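Only heavy atoms go into these numbers, but all of them, side chains included; no hydrogens, no water, no symmetry mates. Atoms within each ligand, like the ligands themselves, are counted from 1 in listed order. One is the number of the first residue; the rest follow in order along the sequence. Quick caveat, the model's predicted, so the values are computed rather than measured.
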Amino acid sequence: MNPSPFARLKEVALSQDLADPLASFRARFAYPKLHDSNSIYFTGNSLGLMPLAARDSLTQELDTWSQYGVEGHFQGPQPWVSFHQPFSDWLAPLLGAQPQEVVAMGSLTANLHFLLASFYRPSPTRFKILCEGSSFPSDFYALDSQARWHGFDPAQAVVEIHPRPGEHTLRTDDILAQIEALGPSLALVMLGGVNYLTGQFFDLQNIAKAAHRVGANMGTDLAHAIGNVPLSLHDWNIDFAAWCSYKYLNSGPGAAAGIFVHEKHLGKSDIPRLEGWWGHQPDTRFLMGRHMQPAHTAEAWQHSNAPVMNMAAQRASLALFAEAGQDRLQAKRESLVRFFLQAYHALQQDLPAGSLDCLTPESLPDRGCQSSLVFPGRGKSFFDWLSRAGVIADWREPNVVRIAPVPLYNTHLEVWTFLDLVRQGLRA
Ligand SMILES: *Cc1c(COP(=O)(O)O)cnc(C)c1O
C-alpha cells in the first residue's frame, strides 16, 4: 500500500527542519520530561519554556545583591535603579512601539486596572465597554469591577460580542458594525490581540479606527499576542495595551508584565492616573519631593521599583528574541502554521468525517501560533490520552485542546508527530 498523503508529509517536515535558520535556538531551552517520555511541548501559549541563560542572568543579580547590598541600585553590571529601562528598548520591536511608549512592570490584571483608571472614564451617557464574548475570565472580572467601581451595572455597561450562529470566530465587519451601533454610548473597546480560546488575531488597526470614529478609546490585552504575532501598536493608533510575559515571552511564572501607552497620551496633565514614586521623572525622583512630577514617557504609569529577580529571567529571554530577529521569527511561525494546516487537512482525509475540527482561522493574518482543536464526542479523556503519549498541550473547558508550536523551540516534525498521535488516538 502506498503511504497516505499525511504519512508522506513526515519527509516534508524533516526537510523543512533541516532548512530552518532558527534550528539552533532549540538547544537553548530546558525541556520538561514528563510521563517518562520525550515530550512535545506545545504550551508556549500558556507558560513558555525556560531559556537556559535565565539561570546565569538570575545569578548575576544574586551576585550583585551579595556583593553590593543596597549599593546594587547603583553598582554592578545593570544597576537596579534603572533596571527596567532597557526593557523598553527590547520590548518595543515586539510591539511595533516607540521605546518611550513601553514599560515592563507589574502584573497583567493589575496593569489593566491601572490603564482603565486612565482610559475608562465613563460619563452618565458614555459608559459602555465592548469586549469579545470569549474574553479571558480575568479580563471580564476587571471590566465588570471597573464598571461597578464607577457606579454602573456591568450587565448594562459591558457589552459582549459573539460569533454568528454556527461560526467560531468574530467577523471584523460585525465588530465594526457593533461599534457603530453603540456610537455615543461607547467609552472603550477592549479586545484581546489574539483571543485566548480561539486563537483569532483581530484586525486591531481597523477596530481602533472605528472606535475613535465614535469617540471611544481602544485598548488591547496582548497576553496571547506579544512574542507571537507581528504588532504595530503605534501606527495602528492603539490607545493602550497590557500583556503578561510568561506565555510566548518565556519569562517565567508570574514574570513582570508590561504596558503600552500611545505617544499621543504621554506628558498630558489632563489624563488621571493612579500614581507611585517610580512614575516620577527619574532624574529628580530621589529628591523625594512632596509632589509627583510624572515622567514624560509611559513610565509615568509605573508605581514601584522593578522586581529585579524576576525581570532577570525576562532579560535572558528577550536577548533570544533580539538575536533571532522579528523577520526570522515571523517566517518560521508562518512556516509552522502552513505546515500544520497542510498536515491537518491531509490527516482529515485519513479519518472519519467530523472526528476533528479547528476553531482557529486558517488565513495567516487572522491567527498566530495557536490552533484550537476540537475532537467531537471525545472530550477530556482523549486529551488525557494525548498527555500520556507525551504531548504537553492544554485543555480549556468545555472541549478545546490548544496547541501552540512556537518558532524558537518547536519543529515541523513535532507538528507532524503530534498529528500522527491524534491519528492513532482517534483510530483506537
Ligand atoms: C493569561 C491571561 C491573563 C492572566 O492574567 P494575570 O494577571 O497574568 O494572572 C489575563 N488575561 C488574558 C487574556 C490572558 O491570556
Side-chain angles (χ1 to χ4, degrees), residues 42-49 87 91 94-95 103-117 119-120 129-146 154 158 160-162 169-170 175 188-202 204 207 218-229 231 233 238 240-260 274 301-304 306-307 310-311 313-314 317 359-360 367-372 392-397 400-404 406:
F42 277 173
T43 338
N45 59 318
S46 190
L47 186 84
L49 289 180
F87 284 73
L91 288 162
L94 302 176
L95 296 156
V103 197
M105 60 175 260
S107 67
L108 171 52
T109 306
N111 287 347
L112 274 177
H113 279 296
F114 290 121
L115 289 164
L116 290 166
F119 297 107
Y120 176 56
I129 304 172
L130 181 65
C131 66
E132 72 254 57
S134 60
S135 290
F136 192 88
S138 201
D139 299 50
F140 272 138
Y141 307 158
L143 296 178
D144 286 356
S145 59
Q146 282 280 333
V158 180
E160 299 170 25
I161 179 161
H162 292 271
T169 51
L170 295 170
I175 302 174
L188 175 69
V189 177
M190 184 73 218
L191 289 178
V194 172
N195 180 269
Y196 87 101
L197 188 64
T198 64
Q200 179 178 16
F201 179 22
F202 295 112
L204 297 175
I207 295 168
M218 169 77 191
T220 177
D221 182 332
L222 301 175
H224 285 267
I226 190 168
N228 178 10
V229 290
L231 298 164
L233 299 187
I238 305 297
F240 69 92
W243 56 90
C244 54
S245 58
Y246 46 82
K247 293 173 179 167
Y248 291 95
L249 282 190
N250 309 327
S251 303
I259 65 160
F260 163 92
L274 301 176
W301 275 263
Q302 209 174 211
H303 306 99
S304 299
N310 101 28
M311 288 172 74
Q314 185 169 167
S317 176
L359 308 183
T360 309
R367 56 166 296 148
C369 299
Q370 176 182 330
S371 292
S372 303
I392 305 176
D394 77 7
W395 170 260
R396 279 292 170 269
E397 294 295 340
V400 179
V401 175
R402 301 185 303 176
I403 59 157
V406 303

For this session: Using modelled atom types only, decide if a donor and an acceptor are shared between the side chain of Q314 and the backbone of A256 within a distance under 3.5 Å.
Result: yes
Could you tell me whether the side chain of [Y] reaches within less than 4.5 Å of the side chain of [X], counting heavy atoms only?
| X | Y | value |
| --- | --- | --- |
| L191 | Q200 | no |
| P137 | Y196 | yes |
| Q146 | M190 | no |

Exercise. For S107 and ligand 1, does the shortest N/O to N/O distance drop below 3.5 Å?
Worked result: no
Exercise. What about S138: any of its N or O atoms under 3.5 Å from an N or O on ligand 1?
Worked result: no
Just need the protein heavy atom nearest to [atom], so name the residue and atom and give the distance.
| atom | answer |
| --- | --- |
| atom 11 (N) of ligand 1 | D139 OD1, 2.6 Å |
| atom 8 (O) of ligand 1 | Y246 OH, 2.5 Å |
| atom 7 (O) of ligand 1 | T109 OG1, 2.6 Å |
| atom 14 (C) of ligand 1 | K247 NZ, 2.8 Å |

Exercise. Does the separation of the ring centres of H303 and F114 fall below 6.0 angstrom?
Worked result: yes
Seminar exercise, completed: Closest heavy-atom pair, V229 versus R367, reported as atoms and distance to 0.1 Å, is CG1-O, 3.7 Å
Exercise. With atoms numbered from 1 as shown, which atoms in ligand 1 lie under 4.0 angstrom from a non-hydrogen atom of D221?
Worked result: 11 (N), 12 (C), 13 (C)
